[in-house]
Amino acid sequence: MSPSLDLPKNYEFSEVERRWQDTWRDEDTYFDPVSDRPKFIIDTPPPYPTGTFHIGNAFNWCYIDFIARYRRMNGDNVMFPQGWDCHGLPTEVKVEEINGITKNDVPREEFRKMCRDLTLSNIEKMRRTLRRMGFSVDWSHEYITMLPEYYKKTQLSFLRMLSAGYIYQSEHPVNFCTRCETAIAFAEVAYEPRETTLNYFDFDGVDVATTRPELLAACVAVAVHPDDERYRNMAGRNLTVPLFGHRVPLITDPAVDPSFGSGAVMICTFGDKQDVHWWKQHKLELRKAIDRQGRMTTIAGKYAGMKSADCRKAILEDMKEQQILTRQEPLEQRVGACWRCKTPIEIMSERQWFVKIDPEAIMKAAREIEWIPDHMFLRIENWVQQMEWDWCISRQRVFATPIPVWFCKACGEMVVPAEEELPVDPTVDRPSKPCPRCGSRDFSGEADVLDTWMDSSISVLNVTGWDGNGVPLLFPAELRPQGHDIIRTWAFYTILRSVALTGKRPWDTILVNGMVLGEDGYKMSKSRGNVITPEEIVEKHGADALRQWAASGAATGSDIMFNWNDVISASRFQTKMWNIARFVHLQLRRHPYDRDAPAVALADRWLLDCLAGTVADVTNALEAYQFDRALKSIREFAWDVLADNYIELVKGRLYSDDPSREGACRVLETAIDTLCRLMAPFIPFFAEECYSYLGRGSVHSKEWPGLLARDPDARGKGDLLVKVVADLRRYKHERGLALNAPMGRVAIFSAPFSDDSGDASRALNAPVEWHTEPPRLEKAAGDVQFNMAVVGPALRKDAAAFMKAVRVLPEGLLANPPAAIDIGGKEVPVPRDSFSLQFTYRLEGEQVDVRVIDGVIATIHAIP
RNA sequence: GGGCCCGUGGUCUAGUCGGUCAUGACGUCGCCCUUACACGGCGGAGGUCGCCGGUUCGAAUCCGGCCGGGCCCA
């Protein structure tokens, strides 16, 4: 990378990005544990290792990397860890699919190993993508939640919360997926629209409507609204359940909607969340009709063993036969489903493990965190306020962190391992001591495992060095970046766990990014066919272009539509910037120059002030996480200010051998150096390549540009110089002249300066004189210009006579037109804006064209 | 039914604690191959800032209502 080489004509992103990826060293982005620089710890989201990084991840990571790189250049000791949230159902399902087995076909440990192997190979694939995207991950702080060193911390956190009373075991209704055969938390329930049937039937004389006839065996009451006239005086009666014959009470409750169905609803244990309410409130009995596999239990009598869907059909058939089914109507409803497999969830009472939720404590911590954008705070607030019951953390699966608990077979006492024994698998390992209560050595290990969110909700504790004792040294983290889709899960659980384990908020700031939508404005999905992968974009336009799209596509926090145009215009900016750099290097190399040459020319001082303004804008935008504003400011400076105005203005000076070119060279070099630093967080490959030609090492090891001195005087005058030149170019354009065509002498009067170092003259290819005093112009009335769009419609047949009369008006009247004019003895009103008077000017006896620009007068002589 | 976000030229988008010609990109039209760049330069056309009402000297921006879209939750 010798600085003496010229830049190649074309910027080849694929070659350049590949080369720098191979050159950069991992160690350069490691967090320094012994540094005394201010720490900046990022609680990076640990993605699920599916094997492919999707565009939403890429978008999210772009934000993180912009910040990590900016913070590093700013002198912060940055930790950008990379975690992998491994456990969970999708991998189990994938393993079952690949091997054509179910989890019960092989020993538990063998099944786990298959899951681990698949996960590790997926992680390896995803690591490659992270590197290809140029993300400056701290690989010395990588963590993998399925490996012992991590999940022993998960187990430790479980034991700490267990002994602190946060965790308890209880029989309670939970959401249950019968396909996955596991309990799930509310956060894992997705609501899906579904077309179903509302069935009306005769319930021992009461007309009842239900969508779940298969739950008839689990019916424990019938409820009506207390004010419902149809059921006056019926409360308290006992009814016989059709087909099954058990007796249930008819109760009243204001939560019953009298306008839905027949106004009478059967309460079953459990059809939905409302049933749980009623069951608790009215202290009803518990009848469990569906088991963990989704089959009918023995209380379903002759339907026992049937799948619930088959049972529904059978019961409806039997109702028809007994002529108690009165009518059926279609109904649009939203049904809770397992978010992983989309199977409708059942609510069933189960012995499960729960974490207590303390809404006040969580909200107190949430309020201490800065939410960006701030309205995202409302999402967690709404979620916390409507929590129905505690967090169910036990799962009946295999590939997850084991719950580290045994029960004494003799006396039922719960036994936990010592801290130094962790991690344990209680289904394999044995307690090291006999039962403290009865001395027995016969134990059964807890077979349930933990919710995956129990792993990932200690990510911040893990990276800040939590060891189970109090508040870690590096806690809280400075930043949590994540999407708004997981506020109610990852953000919520992390706050809960941090409060429970440390008593503190987990982060200073949470930066919430939006979702990536397809080009058609809808969520990307395979079925819609609107999926775009990061690999595809990187392949076609490079990682830097993708990164620019992420920065500029939307304001921080709002959803972003994927858009090829933005990617293409991003790569165009790189091409433009490359050509700017190429031109600058060509000029710098053409002649030796003094690097400390003072910037005395107006244009040079002007450019430096514009650069100072840009540095300030970009810095402020980054501090406020406004990446779109930062990148826009960079592009505007490079393209509009530097390329289109400054370079065009000083080209002549650069081509010359005049000493004044040194100032321009110095300014250009400063501009390129500073621009590379500003671009480095956004387009690290491009910035590095560009910077390498300066021969000053890696741009990523350089400091962020400090705030530069401002020069308002040069800025004001320079703006005027630029405007004057632009206007005179427009003048040439209007006259059909090529922009580099020679033009006659130009004199500029009433300007606040008299010396532009000849830049305007060379830019316009004309002799240019600057005068601070006003011109001595002789003004003469010239042609009258009529506006036919006004004159025609207003005067019709008189138009020609009107124009003739106007032309012969005295000059004073032309400048201030009368209200009416005499045409052949007729008074005709003069329409507004029907004509305007053109003037001609003479300067020193020569006719000149005149332009007025911001109070400055430019006169243009004809070419002699 | 509740909460939140959004509705700006053909398309996407900035601005939204009120104040001169409403930002940029893509597209479009005209001129220009000017020794960095035609993936370029210069110039133009194109907007009742969703609708209605209110506050104000002044509203894309504040308030109320309505319509439409999205997300989260019942």
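A, B, ... follow the sequence lines: proteins, then strands. Residue 1 opens every chain.
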Margin query: For A/Trp389, give me all partners under ring-ring contact (aromatic ring centres under 6.0 Å, His included), at least two apart in sequence or on another chain.
Written below: A/His172, A/Phe186

Notebook entry, point to check: Taking atom C1' in both B/C42 and B/U34, what distance in whole Å separates the two?
Noted result: 11 Å

Check: For A/Tyr655 and B/A36, is the shortest distance between a side-chain N/O and OP1 or OP2 below 4.0 Å?
Finding: yes

Check: What is the ring orientation for A/Tyr11 with A/Trp578, classed by angle as parallel under 30°, tilted 30 to 60°, or perpendicular over 60°?
Finding: tilted

Check: What residues form a salt bridge (Lys or Arg N to Asp or Glu O under 4.0 Å) with A/Asp640, not counting sequence neighbours?
Finding: none

Notebook entry, point to check: Does the side chain of A/Thr494 come under 3.5 Å of the side chain of A/Arg480 through a donor N or O and an acceptor N or O?
Noted result: yes

Next item on the list: Would you jot down, in residue-number order, the residues of residues 635-647 of chain A having a non-hydrogen atom under 4.0 Å from RNA chain B?
Entry: A/Trp639, A/Ala643, A/Asp644, A/Ile647

Note to self: Checking A/Tyr625 now: which residues fulfil ring-ring contact (aromatic ring centres under 6.0 Å, His included) with it, not counting sequence neighbours?
What the structure shows: none

Notebook entry, point to check: What is the distance from CG of A/Leu517 to P of B/C71, rounded to the nearest Å?
Noted result: 8 Å

Collect all protein-nucleotide pairs involving nucleotides 30-33 of chain B in which both atoms are nitrogen or oxygen and the distance is under 3.5 Å.
from	atom 1	to	atom 2	distance (Å)
B/G30	N2	A/His733	NE2	3.3

Next item on the list: Can you tell me, in whole Å, how much space there is between the C1' of B/C51 and that of B/A45?
Entry: 28 Å

Checklist line | ring-ring contact (aromatic ring centres under 6.0 Å, His included) partners for A/Phe682, two or more places apart | finding: A/Phe66

Next item on the list: Rounded to whole angstrom, note down the P distance from B/A22 over to B/C32.
Entry: 30 Å

Note to self: Could you tell me how far B/C6 sits from B/G43 if I compare only their P atoms? Round to whole Å.
What the structure shows: 35 Å

Taking only distance into account, with no hydrogens and no angle test, what donor-acceptor pairs under 3.5 Å do side-chain atoms of residues 557-569 of chain A form with protein atoms, sequence neighbours excluded?
from	atom 1	to	atom 2	distance (Å)
A/Ser558	OG	A/Ala555	O	2.7
A/Asp559	OD1	A/His484	NE2	3.0
A/Asp559	OD1	A/Met515	N	2.8
A/Asn563	OD1	A/Asn565	N	3.0
A/Ser569	OG	A/Asn565	O	3.4
A/Ser569	OG	A/Asp566	O	3.3

Margin query: Could you tell me how far B/A36 sits from B/G18 if I compare only their C1' atoms? Round to whole Å.
Written below: 45 Å

Item checked: Between B/C72 (C1') and A/His484 (NE2): distance, integer Å -> 9 Å

Item checked: Non-neighbouring partners of A/Gln281 that pass side-chain hydrogen bond (donor to acceptor under 3.5 Å, both in side chains), sequence neighbours left out -> none

Next item on the list: Provide the distance between the two P atoms, one in B/G10 and one in B/C66, to the nearest whole Å.
Entry: 28 Å

Note to self: Within the 4.5 Å heavy-atom criterion, are A/Arg762 and A/Tyr655 side-chain neighbours or not?
What the structure shows: no

Item checked: Counterpart residues, side-chain hydrogen bond (donor to acceptor under 3.5 Å, both in side chains), relative to A/His282 (two or more places apart) -> A/Asp253

Next item on the list: Mind checking salt bridge (Lys or Arg N to Asp or Glu O under 4.0 Å) for A/Asp657 and listing every partner two or more places apart, or none if nothing turns up?
Entry: A/Arg590

Item checked: Between B/G9 and B/G70 - C1' atom distance, rounded Å -> 23 Å

Check: Is the closest basic N to carboxylate O distance between A/Arg653 and A/Asp759 below 4.0 Å?
Finding: yes

Margin query: Show me the dot-bracket string of RNA chain B, counting Watson-Crick or G-U pairs under 3.5 Å, with | for pairs to another strand and [ ] for crossing ones.
Written below: (((((((..(((......[....))).(((((.......))))).....(((((..]....)))))))))))).

Check: Would a 4.5 Å heavy-atom cut-off, applied to side chains only, mark A/Leu649 and A/Val725 as touching?
Finding: yes

Margin query: Protein within reach of the bases, or only the backbone? For nucleotides 5-16 of chain B, mark each nucleotide 5' to 3' as B, S or -, using heavy atoms under 4.0 Å.
Written below: S--------S--

Next item on the list: Would you mind telling me which residue lines up with the more 5' stretch of RNA chain B, A/Ala726 or A/Lys651, judged by nearest nucleotide?
Entry: A/Lys651

Checklist line | Residue pair A/Phe377 / A/Ile380, side-chain heavy-atom distance below 4.5 Å | finding: yes

Check: Checking A/Asp275 side chain against A/Gly271 main chain: does a donor-acceptor pair fall under 3.5 Å?
Finding: yes

Notebook entry, point to check: Reckon A/Thr575 touches a base, only the sugar-phosphate, or nothing at all at heavy-atom distances under 4.0 Å?
Noted result: base

Notebook entry, point to check: Closest nucleotide of RNA chain B for A/Asn382 versus for A/Glu648: which of these residues is on the 5' side?
Noted result: A/Asn382

Item checked: B/G2 and B/G19, which share atom name P, separated by this distance in whole Å -> 33 Å

Check: Which nucleotide in the list B/C42, B/A36, B/A25 gets nearest to the side chain of A/Arg729?
Finding: B/C42

Margin query: Nearest whole Å is fine: how far is B/G3 P from A/Ile487 CD1?
Written below: 18 Å

